2 protein chains.
Amino acid sequence: MVTLAEVAQHAGVSASTVSYVLSGKRTISAVTKQRVERSIQELGYHPNAGARALASSRSNIIALMMPLRTDMYVPVMMEIAIAVATHAREHGFDVLMLTGEEGPAAVQRVVGSGLADAIILMDVELDDARLPLLRASGRPAVLIGLPAEPGGLTCVDLDFAEAGALCATHLAGLGHRDIVVIGEAPAVYERKTGFAERTIEGLRGRAQELGLRVLHRPCEGSYAAVAGALGQVFTERPGVTGFVVQNEQALEPLLSLLRQDRRAIPEDISVVAVCPEQVALQGSIRLTSVTIPAREMARQAVERLVAKIAGESQGEVFLLEPELVARASSGPAPAGG
Amino acid sequence: MVTLAEVAQHAGVSASTVSYVLSGKRTISAVTKQRVERSIQELGYHPNAGARALASSRSNIIALMMPLRTDMYVPVMMEIAIAVATHAREHGFDVLMLTGEEGPAAVQRVVGSGLADAIILMDVELDDARLPLLRASGRPAVLIGLPAEPGGLTCVDLDFAEAGALCATHLAGLGHRDIVVIGEAPAVYERKTGFAERTIEGLRGRAQELGLRVLHRPCEGSYAAVAGALGQVFTERPGVTGFVVQNEQALEPLLSLLRQDRRAIPEDISVVAVCPEQVALQGSIRLTSVTIPAREMARQAVERLVAKIAGESQGEVFLLEPELVARASSGPAPAGG
DNA sequence: GTGAAAGCGCTAACAA
DNA sequence: TTGTTAGCGCTTTCAC
C-alpha cells in the first residue's frame with residue numbers, strides 16, 4: 001500500500017506538502033504541485049480513508065436511511081437513493097445505505113462512531129422515533145418528508161397539500177363535479193407518514209372552495225383490491241366522472257378495469273395521478289399527473305445537507321412546488337353529468 | 001466525544017483491556033469485563049470508526065455497486081440492495097452504495113483508499129470493464145450476474161438457462177407445441193448482461209428436445225410496444241398457445257391486451273413469467289412463474305463475500321437452481337391446436 | 001488475565 | 001511557499 005509519506009519522499013517534498021496539494025488548503029507553487037501529482041500518478045497513490053477520517057474527524061460519508069418496508073413505494077425510493085448517491089459524489093461524499101431493520105439505533109451507531117458526517121432520512125413518519133436521537137446527536141441531518149414537529153430539523157418534501165389542490169382545480173376546471181380519490185394502501189395511512197393525508201386534505205380544501213364532491217378510498221395495489229374498491233365506488237357514486245389516484249400500484253389495474261367496464265378515458269372518466277413522471281408516461285395511456293420529483297428532492301436534500309455540514313445552514317422546511325401536467329387521461333366532464 | 005482511553009480510566013483498567021473486551025480477542029475475567037461494559041454504558045461510548053479502520057486496516061464496509069441505468073429492472077435491484085444491506089449488518093458490515101455514473105474508477109477509489117473491505121457488483125456485463133480492476137486490486141469481490149470470463153471471481157446468479165428450460169418443459173408438458181417468448185427490451189440484449197441470452201438459449205435447447213416451435217421477440221415494456229409485438233406475433237404464428245415472458249414491465253400490458261383480444265388465460269393462451277415472486281402474485285391473475293430469487297441471491301453474495309474477507313473461500317460460480325411454480329396462468333393447450 | 005507502548009496514515013497547527 | 005511535528009483513537013505485539 002502506497003502512503004503519503006512515500007509520495008512525499010518520491011517527490012522530494014514533505015508530507016504536509018503532499019497533503020496540501022491534495023486538499024488545496026494552502027497555496028502550492030506550480031512546480032511542486034506538478035512534481036507531487038506526478039509522484040501520485042506513478043506510485044498509484046490513494047489516500048487512506050480511515051487515516052483521513054481519524055485525522056480530520058470527517059469521514060466524507062453521508063448515511064441514507066431507507067424506509068422500513070421494502071415493498072412500498074419502491075420506484076420512487078430507488079430513484080431518490082440513486083440521485084442522493086450521485087449528488088453526494090459531486091460534493092465528495094459517499095453514501096452509506098442504512099435499512100430500517102436496525103431501527104433508530106442505526107442513527108446512533110453511524111453518528112456516534114463518526115462513520116457518517118451527516119444523515120438523510122427517508123420515509124419520515126409524523127412522530128418519528130429517530131428524530132429525538134438525531135437532534136440529540138447534533139449532527140447535520142435532512143429529512144425527506146415532513147414530520148409533525150420539524151423543530152430545527154431541515155426537511156425537504158413535495159408540497160402534497162398543494163398537489164392535491166392542483167388535482168381538484170384541474171378536474172373542476174374541466175367541469176367535473178363528483179370525484180373519487182384512490183389513495184395509498186391503508187397501511188400507508190396507518191404508518192402516519194403524512195404525505196397521503198396532506199394530499200387528501202389539500203384536495204378536500206380546494207374541492208370545497210370549488211364545489212366538488214369528494215369520496216376518498218384508500219386501496220391496496222392488487223388487481224383484486226382495486227376491483228373491489230371500484231365496484232363500491234360506482235355503487236356509492238354512480239355520477240363520478242373524475243378519479244385522482246395516489247397509488248402507483250393501483251394505476252394499471254384501475255385503467256384496465258375501467259377499460260373492461262367500457263368506460264372510456266377521458267371521454268367518460270378522467271384520471272389524474274400523483275406519481276413519478278416515468279410512471280405517468282409508461283402506461284397504456286399518457287396520464288395527466290402531478291409529478292413526484294424524486295430527483296429534485298434528492299438533489300435539494302444533498303445540497304442542504306452539504307451546506308449544513310459546512311455550517312452554512314439552519315433547520316428549515318423546504319416544500320417543493322408541485323406541477324400538474326395535463327396529458328391524455330383527463331378531459332371535459334361528460335355532458336350528461 | 002468519548003474515547004476508549006476515557007472508558008479505560010473510568011473503569012480503572014488499561015486501554016488494551018477495553019479494546020479486548022470489545023473485540024473478544026482475548027480472555028477477560030468476568031469482573032473486569034463487567035466493569036468495562038458498565039463504563040461503556042455510562043459514558044455512552046462508541047468506538048471511532050476511522051481510528052478503528054486505521055489501526056486494523058479493516059473498515060467493515062462492503063461496497064455495493066449498482067447498475068448504471070436507474071430505470072431498468074428496478075424492483076429486483078432494490079430488493080437485492082436492501083437484502084445485501086440487511087445481511088451485511090448481520091455480519092457487522094455496513095454497505096456503501098456506489099452508482100454506475102462514476103464508472104469503473106469507483107472500484108479503484110473505494111478499494112484503493114481502504115474505504116471498503118470488499119465489493120459486490122450488480123448488473124454485471126459479459127465483458128465488464130470493472131473486472132480487470134477488481135482482479136488487479138486483489139480485494140474480495142462477488143458478482144451478482146455471470147460475466148463471460150469469471151476466471152477466479154466469485155459469481156452468484158440464477159441459472160437462467162435452466163429457468164428457460166423449465167418454461168419449455170412446463171408448456172410442453174401441457175401439450176403446447178408453438179410458443180412465443182416476449183423478452184427484455186432490445187437495450188438489455190445490447191448491453192450484454194447475458195442473463196436474457198442464457199434464458200432464451202436454455203429454453204431453445206429444451207424446446208428442440210421436446211419438439212417445440214419457438215419465436216423470440218425482445219420487447220420494450222410500454223403498452224404500445226407490447227401491442228405492436230403482439231400484433232406481429234399473431235400474424236406470424238397464428239397457432240401460438242403459450243407465452244413465456246421475461247420482462248416485468250411487459251407483463252401487465254400483455255395480459256391486458258390478451259384480455260381485450262378476447263383470448264382467455266389459460267384456456268386459449270398460457271402465460272409463464274420469469275420474474276420476482278411478488279410480481280407474479282400481484283397482477284390480475286396469479287402467474288405461473290420461474291421466480292427470480294432476489295433476496296436469496298443477495299444473501300448468498302454476502303455470505304460468500306464474508307467468507308472471502310475471512311480468507312476462507314476462493315473464486316467460484318454459484319448458480320441458483322430455479323423453480324417453476326404453476327399458478328393460474330397456464331393450463332393444457334387448447335384441443336383444436 | 002492484564003498493561004505498556006508502538007504504530008496505523010493522515011491533518012493541521014506552528015515554525016520558518 | 002514549504003517543512004516539522006504533535007496528535008487523531010484505536011489495535012496489537014510484547015512483556016509480565
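We name chains A, B, ... by the order of the sequence lines, and we start the count at 1 in each one. In this text the structure is predicted, and so the values were computed from the model without any measurement.
The distance between atom CE of B/M1 and atom C1' of D/dC10, rounded to the nearest whole Å, is 10 Å. In this entry the distance linking CZ of A/R58 with C1' of D/dG9 reads 18 Å, nearest Å. In this entry the distance linking OH of B/Y20 with P of D/dC10 reads 15 Å, nearest Å. Between B/L54 atom CG and D/dG9 atom P the separation is 12 Å, expressed in whole Å. Rounded to an integer number of Å, the gap from CZ of A/R52 to P of D/dC10 is 21 Å. The CD atom of B/E6 sits 10 Å away from the C1' atom of D/dG9 (whole-angstrom rounding). The interatomic distance linking A/N48 (CG) with D/dG9 (C1') rounds to 14 Å, in whole Å. Per the geometry, NZ belonging to A/K25 stands 18 Å off C1' belonging to D/dT1, to the nearest Å.
Annotation: of the two residues near DNA chain C, A/S23 and B/A30, the 5′-most nearest-nucleotide partner is B/A30.
At the heavy-atom level, B/S19 lies under 4.0 Å from base atoms of the strands shown. Using a 4.0 Å heavy-atom cutoff across all strands shown, B/T32 reaches sugar-phosphate atoms only and no base atom.
Ranking D/dT13, D/dC10, D/dG9 by closeness to the B/R26 side chain, first place goes to D/dT13.
For DNA chain C, the outermost nucleotides in 5' to 3' order that have an atom under 4.0 Å from a heavy atom of chain B are C/dG1 to C/dG9.
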Side chain to side chain contact (heavy atoms under 4.5 Å, CB included) between B/F195 and B/L158, worked out: CA-CA 8 Å; B/F195 74 95; B/L158 181 65; over 6 Å; no
From CA spacing to verdict: side chain to side chain contact (heavy atoms under 4.5 Å, CB included), B/L98, A/D94: CA-CA 8 Å; B/L98 301 177; A/D94 273 293; 3.7 Å; yes
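For the OP1/OP2 pair of D/dC10 and a distance below 4.0 Å, the side-chain nitrogens and oxygens of B/Y45 include at least one atom meeting the criterion. One finds no side-chain N or O of A/S16 lying less than 4.0 angstrom from the OP1 or OP2 phosphate oxygen of D/dT2.
With 3.5 Å as the limit, one finds a donor-acceptor pair spanning the side chains of B/Q300 and B/E296.
With a 4.5 Å cut-off on side-chain heavy atoms, A/E6 and A/T3 count as touching. At a threshold of 4.5 Å between non-hydrogen side-chain atoms, the residues B/D128 and B/L143 do not count as touching. The closest side-chain heavy-atom distance from B/V302 to B/T86 is not below 4.5 Å.
Ionic pairing of B/E101 and A/R89 is not present here: no N-O contact between side-chain nitrogen and carboxylate oxygen is shorter than 4.0 angstrom.
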